[in-house]
Amino acid sequence: MLKIGDRTFRSRLLLGTGTFPSVDVQREAVKASETEILTFAVAKMNMDDDDDDLVAELNSDSFSMLPNTAGAKTAEEAVRIAKLARASGLSDMVKVEVIGDDQTLLPDAVETYRATEMLLEEGFITLPYIADDPVLASKLEELGAHAVMPGAAPIGTGRGILNPLHLSYIVAQSQVPVIVDAGIGAPSHASLAMEMGADAVLLNRAISQADDPVKMAEAMKLAIQAGRLSYEAGRIPVKRFAKASSPQEGVPFYG
Ligand SMILES: CC(=O)[C@@H](O)[C@H](O)COP(=O)(O)O
């Protein structure tokens with residue numbers, strides 16, 4: 001089970017809503033993915049509009065909501081967005097997202113740290129989105145963050161895990177869940193993250209922008225399950241030279 005704060009989940013796939021071709025496709029993809037946690041940008045929601053497709057879609061007891069603070073450029077803005085989400089009854093679990101650069105959409109480490117600190121003081125369950133920086137991940141954990149969310153690659157690039165070594169450091173040192181977030185492009189990327197020992201994967205565009213988002217949602221679900229099973233099974237070590245599978249001695253010679 002995936003445990004974040006005091007909550008437990010069977011699924012290790014967190015799915016970003018938005019950027020789907022339609023609400024119907026999104027609904028079917030969510031179902032196929034078997035996700036239990038949906039994330040969405042609070043800034044894009046129309047909280048006062050009951051007819052807002054996204055609000056209606058998310059108004060379900062079947063999912064845990066993970067509002068994110070996308071759009072925030074400072075810690076103060078992130079806190080304001082998170083408080084709005086909590087006051088609207090969405091969730092007190094928040095993905096802390098403070099972007100520091102408009103082109104790369106990489107997170108601002110300083111503001112993310114400050115926002116996490118402030119949100120923890122306000123009693124939120126915090127999941128900060130960070131670059132693949134083991135030092136920052138460890139400082140956030142010390143601060144009390146409930147999970148860390150290192151990016152595989154910049155948001156929406158679909159490049160997969162750019163720095164497996166840094167990710168392996170984060171996985172090895174972390175006592176809180178490591179949720180690989182952003183930049184996943186294919187099921188093999190998600191599976192690798194899980195094989196490396198990540199606790200979960202958060203993704204959006206790899207599913208929402210696939211030719212067939214519903215089929216891709218199922219592929220991602222299976223890849224994450226397979227990667228997790230592989231991690232638990234313990235893969236063989238990589239060897240430099242060949243190792244025969246069958247005996248090399250005493251084999252009859254028929255030549
Ligand atoms: C929805 C969400 O939270 C995204 O910002 C997230 O980071 C996913 O990124 P990808 O679209 O690259 O999977």
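Along the sequence shown, residues carry numbers from 1. For ligands, and for the atoms within them, numbers begin at 1 and follow the listed sequence. Note that these values count all heavy atoms, side chains included, but never hydrogens, waters or copies made by symmetry.
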**OP:** Distance to 0.1 Å, residue and atom name: give those for the protein heavy atom nearest to atom 1 (C) of ligand 1.
**Re:** Gly16 CA, 3.8 Å
Original post:
Between Glu218 and Lys215, does at least one N-O distance fall below 4.0 Å, as a salt bridge requires?
Top reply: no
Original post:
Considering only heavy atoms, which of Ile155, Asp181, Asn204, Thr17 lies nearest to atom 6 (C) of ligand 1?
Top reply: Asp181
Original post:
Going through the checks in order, is the salt bridge (Lys or Arg N to Asp or Glu O under 4.0 Å) test met by Glu111 and Arg114?
Top reply: CA-CA 5 Å; Glu111 294 301 307; Arg114 286 184 58 236; 2.8 Å; yes
Subject >> Residues Lys139 and Glu142 bridged, charged N to O under 4.0 Å >> reply: no
Original post:
Contact between Gly183 and ligand 1, counting heavy atoms under 4.0 Å?
Top reply: yes
**OP:** May I ask you to identify the nearest protein heavy atom to atom 2 (C) of ligand 1, giving residue, atom name and distance to one decimal place in Å?
**Re:** Lys95 NZ, 3.7 Å
**OP:** Evaluate whether atom CD1 of Ile236 has more than 12 neighbouring non-hydrogen atoms of other residues, nucleotides or ligands under 6.0 angstrom away.
**Re:** no
Subject >> Sidechain N-carboxylate O distance under 4.0 Å for Arg80, Glu76 >> reply: no
**OP:** Distance to 0.1 Å, residue and atom name: give those for the protein heavy atom nearest to atom 11 (O) of ligand 1.
**Re:** Arg205 N, 3.0 Å
**OP:** Output yes when the distance from some N or O of ligand 1 to some N or O of Thr157 is under 3.5 Å, and no in every other case.
**Re:** no
Subject >> Shortest protein heavy-atom distance from atom 9 (O) of ligand 1, along with the residue and atom involved >> reply: Ala182 CA, 3.5 Å
Subject >> Heavy-atom side-chain proximity of Arg12 to Asp199 below 4.5 angstrom >> reply: yes
Original post:
Which atoms of ligand 1 are found less than 4.0 Å from any heavy atom of Leu203?
Top reply: 13 (O)
**OP:** Could you tell me whether Asn68 approaches ligand 1 through its side chain, its backbone, both or neither, with non-hydrogen atoms closer than 4.0 Å?
**Re:** side chain
Subject >> Option among Ile4, Val94, Leu120 that satisfies the side-chain contact (heavy atoms from CB on, under 4.5 Å) test with Ile125 >> reply: Ile4
Original post:
For ligand 1, is Gly156 a contact, meaning one of its heavy atoms is under 4.0 Å away?
Top reply: yes
